[in-house]
Amino acid sequence: MIAAGLLVGRPVPAAEAPGFDVVVYGGTSGGITAAVAAARLGHRVLLIEPGRHVGGLTSGGLGATDMGKQETIGGLSREFYRRVKVHYNDPSKWKFGRPDEFRSARHDPAEDVMFYFEPHVAEEIYRDLLREAKVDVMLGERLDLRQGVRKNGARIDAVRMESGRSFRGRVFIDATYEGDLMAKAGVPYLVGREANAEFGETHNGNQPHLLRRRPAPSAHDFRRAVDPYVRPGDRSSGLIFGVQDGGAGEAGAADSRVQAYCYRLCLTDAPENRVPFPRPADYNPANYELVLRYFLSARMLPEYPDGGEIEHPVLGNNLTKQPHVVIMPNRKSDSNNKDPVGFNLVAGNYAYPEGDYATREKIIRDHVSWQQGLAWFVAHDPRVPEKFRAPMRDWGLARDEFTDNGHWPHQLYVREARRMRGAFVMTQHHCDGTAPVPDSIGMGSYAMDSHNARRYVDENGHVRTEGTIGLGLREPYGIAYAALTPRKEHCTNLLVPVCLSATHVAYGSIRMEPVFMLLGHSAGAAAAQAIARGVAVQDIDVAALQAQLRREGQVLESPATSIRPAAATKSSEPVGTRTPKT
């Protein structure tokens with residue numbers, strides 16, 4: 001029998017196949033809250049994490065939370081951020097700086113929550129939550145991608161790992177960023193972008209730069225003229241690294257491209273805690289020619305007469321302009337992609353969502369190499385302007401973070417992979433408030449935000465970006481319970497709170513870590529009810545689930561959000577949310 005608590009590869013005979021009430025695959029932020037929610041309701045829960053750490057991106061570098069409206073964050077999600085606040089209320093936790101050095105426009109010391117934290121603190125809090133709820137946790141176990149799901153009709157009986165271990169469950173929850181369990185269970189899904197016409201959206205599909213719908217320029221647009229050819233001006237010489245073949249293409253057309261990934265680096269300027277940026281073994285300065293040309297270009301593109309300053313591609317303007325403002329506790333940063341050329345390895349991830357483990361591992365290595373090489377290039381290449389090189393001397397990786405991985409994050413920022421095609425599809429219209437959302441079990445409030453999917457050459461021979469979406473919201477919106485469930489004919493005991501049923505543009509808002517946590521909480525509570533009532537996940541009493549979630553502090557609606565009564569959605573889907581047949 002597996003003992004409660006965190007386990008790291010403890011031997012369990014494959015033939016034993018222990019049974020659980022709820023089996024959660026994926027120790028992401030959403031997977032943890034799903035497991036804890038179900039366990040707190042008295043069920044025996046197993047959390048299986050393919051890696052060696054729990055917490056996904058929240059413990060993997062994203063410590064400056066993309067939260068939207070914090071009043072929409074409730075339940076276990078808010079409990080996590082409350083525990084962050086409690087942690088930093090202890091003066092002994094400030095080892096490399098003082099609390100008064102930590103300042104942010106989004107941090108209010110008077111609040112009961114704190115949305116900025118160090119990666120190792122997030123993992124400690126998650127481990128505490130799992131231990132207190134007596135969740136069984138299995139680390140280092142990956143789903144067998146060939147025969148990993150055993151079904152009886154439309155019901156999953158057990159999942160099998162590569163090690164040969166198998167685990168039975170009454171309800172399964174796929175909380176991975178990739179959606180492997182969902183896919184191997186035969187549930188329909190999509191990778192890529194729908195056409196705008198499919199759901200009557202305006203910001204889906206191919207998004208070439210010349211399709212000017214944003215009210216203001218994006219930081220991810222090229223604002224300066226950059227030549228794309230190996231020998232400038234010579235098309236026959238080929239494209240430099242980072243620029244893809246093909247022109248603008250048809251605006252709004254469907255494709256299989258995926259928005260770019262990167263690592264969220266935890267950096268520090270505290271000398272006693274700083275590790276120099278490593279030089280990757282396969283470092284090739286030619287791969288950063290696009291970065292250099294952008295640095296050196298002085299000619300603005302016509303639509304950007306005032307292009308503004310170029311952000312530092314590693315540190316960002318917030319650090320280079322105000323070096324004494326520490327944006328994370330203990331003199332650390334959460335470094336994301338900056339500008340049109342930065343940490344994102346644009347177009348380097350297309351094979352990731354459906355790739356086998358070897359394919360994904362190569363893509364992961366490519367991303368590590370790209371980001372390490374970019375930091376090395378900016379810090380050391382003499383062609384880089386001094387205003388970009390100089391700040392790098394003060395920064396490096398945090399020595400006390402990711403200590404078992406060379407101080408490098410253990411989680412790639414998989415912004416989007418598979419998306420389920422389930423019983424209900426969240427679209428742009430639900431996020432922008434122009435269509436009602438039935439049976440809300442949580443709220444989203446962040447802008448519809450997606451990163452570039454490619455770079456192309458325009459008709460004037462300049463590099464352009466494609467894929468950026470930055471579409472603001474008028475108000476928070478509800479997320480439908482049925483968006484977490486497959487259609488009943490596909491699977492009756494599976495919930496999917498991370499790779500949920502949403503279009504590409506809607507997913508751009510939903511995909512934030514606090515939302516994954518609150519959706520995980522709702523999925524765990526729904527699983528508990530399905531078990532207690534002996535029904536399919538599609539047939540639970542959603543009104544009862546909503547009442548329970550409210551008791552547990554979940555926020556399901558706001559006065560400005562239109563929520564349909566549960567009884568009105570049992571027999572049909574709202575107009576504009578049909579589920580494709582493929």
Side-chain angles (χ1 to χ4, degrees), residues 6 28-29 32-33 36 53-133 264-275 315-316 318-319 322-336 395-403 407 409-411 512-518 521 553:
L6 285 166
T28 61
S29 56
I32 291 167
T33 54
V36 170
H53 294 271
V54 294
L57 194 64
T58 296
S59 65
L62 204 166
T65 305
D66 297 317
M67 61 181 169
K69 300 288 187 182
Q70 70 150 288
E71 58 267 26
T72 66
I73 301 171
L76 275 166
S77 186
R78 193 167 193 89
E79 181 177 338
F80 170 83
Y81 296 109
R82 285 187 179 125
R83 291 189 180 215
V84 171
K85 178 67 179 291
V86 170
H87 175 90
Y88 287 110
N89 280 344
D90 181 352
S92 70
K93 304 301 183 183
W94 296 84
K95 298 179 180 178
F96 303 107
R98 302 187 312 274
D100 62 339
E101 288 182 307
F102 172 66
R103 299 188 295 278
S104 169
R106 294 194 299 167
H107 172 62
D108 183 354
E111 290 287 345
D112 67 335
V113 289
M114 186 168 173
F115 292 99
Y116 293 78
F117 47 85
E118 299 158 276
H120 75 272
V121 171
E123 186 163 8
E124 288 172 5
I125 292 171
Y126 282 137
R127 286 175 176 264
D128 288 344
L129 285 166
L130 291 165
R131 185 185 64 254
E132 292 164 12
R264 299 285 288 248
L265 298 189
C266 185
L267 307 179
T268 183
D269 67 345
E272 66 273 33
N273 196 36
R274 185 176 63 211
V275 175
L315 304 177
N318 53 345
L319 297 180
Q322 301 176 7
H324 299 300
V325 176
V326 180
I327 62 170
M328 296 281 286
N330 282 309
R331 303 201 63 85
K332 294 176 184 176
S333 78
D334 167 0
S335 294
N336 194 8
W395 290 83
L397 303 177
R399 188 182 303 277
D400 61 345
E401 299 290 351
F402 313 116
T403 56
H407 314 291
H410 50 72
Q411 177 63 59
M512 305 303 155
E513 292 287 290
V515 178
F516 286 156
M517 277 192 267
L518 63 89
H521 177 173

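For His120, the side-chain contact (heavy atoms from CB on, under 4.5 Å) test picks out Glu118, Glu124, Lys332, Asp400, Glu401, with sequence neighbours left out. For Glu513, the side-chain hydrogen bond (donor to acceptor under 3.5 Å, both in side chains) test picks out Ser29, Thr58, Tyr177, with sequence neighbours left out. Not counting sequence neighbours, the partners of Tyr126 by the ring-ring contact (aromatic ring centres under 6.0 Å, His included) test are Phe80. For Arg399, the salt bridge (Lys or Arg N to Asp or Glu O under 4.0 Å) criterion is met by no residue, not counting sequence neighbours. By the side-chain hydrogen bond (donor to acceptor under 3.5 Å, both in side chains) test, Ser92 pairs with Asp90, sequence neighbours left out. Remark: Asp100 engages Arg98 in a salt bridge (Lys or Arg N to Asp or Glu O under 4.0 Å) (not counting sequence neighbours). Under the rule for a side-chain contact (heavy atoms from CB on, under 4.5 Å), the partners of Arg78 that lie at least two apart in sequence or sit in another chain are Gln70, Ile73, Arg82, Glu111, Asp112, Val113. Checked against salt bridge (Lys or Arg N to Asp or Glu O under 4.0 Å), Arg83 has the following partners two or more places apart in sequence or in another chain: Glu79, Glu132. Phe96 meets the ring-ring contact (aromatic ring centres under 6.0 Å, His included) test with no other residue; sequence neighbours excluded. Residues that satisfy the side-chain hydrogen bond (donor to acceptor under 3.5 Å, both in side chains) test with Ser77, not counting sequence neighbours, are absent from this structure. With sequence neighbours excluded, the residues forming a side-chain contact (heavy atoms from CB on, under 4.5 Å) with Lys69 are Glu71, Thr72, Ser445, Pro476, listed by chain and number.
Judged by distance alone, the side chain of Asp334 and the main-chain N or O of Gly63 form a donor-acceptor pair under 3.5 Å. Panel note: side chain His521, backbone Val36; no donor-acceptor pair is recorded below 3.5 Å. Distance alone, capped at 3.5 Å, places no donor-acceptor pair between the Ser59 side chain and the Pro119 backbone. Between the side chain of Asn336 and the main chain of Arg264, no donor-acceptor pair closer than 3.5 Å is present. In terms of modelled atom types and a separation under 3.5 Å, the side chain of Thr65 and the main chain of Met67 share no donor-acceptor contact. Distance alone, capped at 3.5 Å, is enough to place a donor-acceptor pair between the Asn330 side chain and the Lys93 backbone. Using modelled atom types, no side-chain atom of Trp395 and backbone atom of Leu315 make a donor-acceptor pair closer than 3.5 Å.
Across every non-hydrogen atom of Phe402 and Gly61, the tightest pair is CZ-N, 3.9 Å.
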Note to self: Could you go through His87 and Phe117, starting from their C-alpha distance and side-chain angles, then the distance that decides it, and tell me whether this counts as ring-ring contact (aromatic ring centres under 6.0 Å, His included)?
What the structure shows: CA-CA 9 Å; His87 175 90; Phe117 47 85; over 10 Å; no
